[in-house]
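Everything below concerns the one structure shown next.
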Amino acid sequence: MNSAPTLTKLSIRLTPDGFSFLLLDPEGGATPLSGSLAEVLAASDDPSPLVETPHGGVVLVPREVFEPQRTEQYLRASNRLVAGMANLYNDTLSERAAALWQAPAEWVDLCRTHAPDAIHYHPLQLLLDFEASGTVFLLIEQGWAHLALYKEGISLYAAESLPFHTPDDLLYYLFRLLKQDGFTSYCLVLITPEAARWEPFFAPHFLRIEPVDDPHYIPRAVYRRYADHWR
């Protein structure tokens with residue numbers, strides 16, 4: 001019997017500080033790479049790298065009704081359309097919803113020039129497909145929080161990406177969303193490399209906390225979602 005092929009995948013993150021690169025593998029490895037975008041793409045020989053762009057708010061549309069050609073219309077209807085920005089969408093990462101968002105046009109154009117078949121994605125999509133009840137998933141990165149609320153006895157109840165400055169900002173939003181004073185019967189899945197620092201703040205408000213402090217959680221999780229399709 002032939003063994004499954006070993007598939008590595010290039011992950012690119014675009015930030016205001018520039019590009020960062022990881023080479024992902026099926027064993028969970030995440031090897032940092034250095035060089036220019038063109039150099040790294042040539043060395044990796046990956047025609048469809050995974051790309052996380054700087055992002056603002058996101059619009060979620062159920063996959064069964066999503067129409068890619070209406071991306072701009074969806075964004076405009078949600079007051080998310082900003083002139084001079086590039087429109088992006090991903091309708092394959094999550095089984096539940098397509099994500100639509102905008103990113104700086106100069107970054108997206110540069111990426112499309114060197115990797116026209118790149119897979120752009122939004123981190124919030126990683127939180128939409130869990131089988132969970134009474135659970136809040138909170139993914140924190142660079143001043144943004146991506147959260148998904150699974151109410152008790154209900155599947156996904158709400159999901160959002162929002163900027164924040166303090167932990168109190170997140171608690172205020174969660175309490176307003178659930179329309180109650182606490183989450184004492186809820187589990188918080190706290191995903192951030194600084195989970196140990198954040199956990200004491202959230203602990204009094206939740207039944208329990210499950211910290212996930214993997215610094216490469218996002219690209220690794222995206223890799224796992226797509227891996228079966230690449231083999």
Side-chain angles (χ1 to χ4, degrees), residues 11-16 48-112 115-132 135-151 154-165 169-179 189 191-192 217-219 221-222 225-226 229:
S11 173
I12 303 173
R13 191 176 191 193
L14 285 67
T15 74
S48 56
L50 304 171
V51 180
E52 180 188 354
T53 57
H55 51 75
V58 60
V59 177
L60 299 177
V61 179
R63 273 187 61 179
E64 60 268 22
V65 300
F66 174 65
E67 300 176 38
Q69 68 274 17
R70 298 180 63 189
T71 294
E72 183 172 320
Q73 182 179 343
Y74 292 127
L75 290 167
R76 180 179 292 109
S78 302
N79 294 317
R80 300 286 193 184
L81 190 66
V82 178
M85 300 282 279
N87 300 335
L88 295 171
Y89 73 87
N90 180 300
D91 61 350
T92 57
L93 181 57
S94 166
E95 295 181 0
R96 188 181 299 272
L100 302 80
W101 70 101
Q102 290 194 302
E106 63 271 21
W107 294 95
V108 176
D109 290 344
L110 182 60
C111 188
R112 285 172 173 167
D117 295 322
I119 300 171
H120 296 264
Y121 65 88
H122 196 284
L124 181 61
Q125 292 179 280
L126 296 172
L127 308 181
L128 303 180
D129 297 316
F130 291 106
E131 294 295 330
T135 303
V136 175
F137 292 86
L138 177 59
L139 171 57
I140 298 172
E141 58 155 2
Q142 293 190 335
W144 278 83
H146 313 288
L147 60 91
L149 171 60
Y150 292 76
K151 290 186 71 172
I154 302 177
S155 183
L156 181 65
Y157 176 73
E160 182 63 279
S161 294
L162 65 156
F164 73 97
H165 299 287
D169 295 339
L170 299 180
L171 279 180
Y172 170 79
Y173 180 80
L174 286 168
F175 293 160
R176 183 164 58 89
L177 188 66
L178 197 59
K179 297 183 175 62
V189 180
I191 308 169
T192 169
Y217 173 86
I218 293 175
V222 174
R225 294 282 181 94
Y226 283 125
H229 299 288

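Values in this document were obtained by computation on a predicted structure and should not be read as measured data.
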**OP:** Output every pair passing salt bridge (Lys or Arg N to Asp or Glu O under 4.0 Å) with a member in residues 69-79, not counting sequence neighbours, ordered by first then second residue.
**Re:** Glu67-Arg70, Glu72-Arg76
Original post:
Which pairs pass salt bridge (Lys or Arg N to Asp or Glu O under 4.0 Å) with one or both residues in residues 139-149, sequence neighbours excluded?
Top reply: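 Applying salt bridge (Lys or Arg N to Asp or Glu O under 4.0 Å) to every pair that reaches into residues 139-149, excluding sequence neighbours, yields Arg13-Glu141.
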Original post:
Is there side-chain contact between Val51 and Leu14, with at least one heavy-atom pair below 4.5 Å?
Top reply: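 In short, these two side chains touch, coming nearer than 4.5 Å.
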**OP:** State, yes or no, whether a side-chain contact exists between Glu52 and Pro123 at a heavy-atom distance under 4.5 Å.
**Re:** yes
side-chain contact (heavy atoms from CB on, under 4.5 Å) partners for [X], two or more places apart:
| X | value |
| --- | --- |
| Tyr172 | Arg176 |
| Leu110 | Phe19, Leu37, His114 |
| Pro68 | Phe66, Tyr89, Asp91 |

Pairs of donor and acceptor atoms involving the side chains of residues 93-105, under 3.5 Å and at least two apart or interchain, shall be tabulated with distances.
unit_1	atom_1	unit_2	atom_2	d
Ser94	OG	Arg96	N	3.0
Ser94	OG	Ala97	N	3.3
Ser94	OG	Asp129	OD1	3.2
Ser94	OG	Asp129	OD2	3.0
Arg96	NE	Leu128	O	2.6
Arg96	NH2	Ser155	OG	3.2
Trp101	NE1	Thr53	OG1	3.2
Gln102	OE1	Val82	N	2.6
Gln102	NE2	Val82	O	3.2
Gln102	NE2	Asn87	OD1	2.7

[atom1] of [X] to [atom2] of [Y]: how many Å apart, nearest 0.5 Å?
| X | Y | atom1 | atom2 | value |
| --- | --- | --- | --- | --- |
| Asp117 | Arg112 | CG | CZ | 11.5 Å |
| Ile191 | Leu138 | CD1 | CG | 8.0 Å |
| Leu60 | Ser78 | CG | OG | 9.5 Å |
| Trp144 | Leu124 | CH2 | CG | 10.5 Å |

With [X] via ring-ring contact (aromatic ring centres under 6.0 Å, His included) - residues at least two apart:
| X | value |
| --- | --- |
| Tyr173 | none |
| Phe137 | Phe130, Tyr150 |
| His146 | His55, His122 |

Original post:
Ignoring hydrogens and geometry, is there a side-chain-to-backbone donor-acceptor pair from Asn90 to His120 under 3.5 Å?
Top reply: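 Yes; at least one donor-acceptor contact below 3.5 Å.
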Original post:
Quick one: side chain to side chain donor-acceptor pair (under 3.5 Å) partners of Thr135, sequence neighbours excluded?
Top reply: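 Checked Thr135 against side chain to side chain donor-acceptor pair (under 3.5 Å); zero matches.
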**OP:** Would you check, one step at a time, whether the test side-chain contact (heavy atoms from CB on, under 4.5 Å) holds for Leu147 with Leu162?
**Re:** CA-CA 9 Å; Leu147 60 91; Leu162 65 156; 3.7 Å; yes
Looking at every heavy atom in both [X] and [Y], which two are closest together, and how far apart are they?
| X | Y | answer |
| --- | --- | --- |
| Leu126 | Arg225 | O-NH2, 2.8 Å |
| Ile140 | Phe164 | CG2-CZ, 3.7 Å |
| Leu127 | Ala148 | O-CB, 3.5 Å |

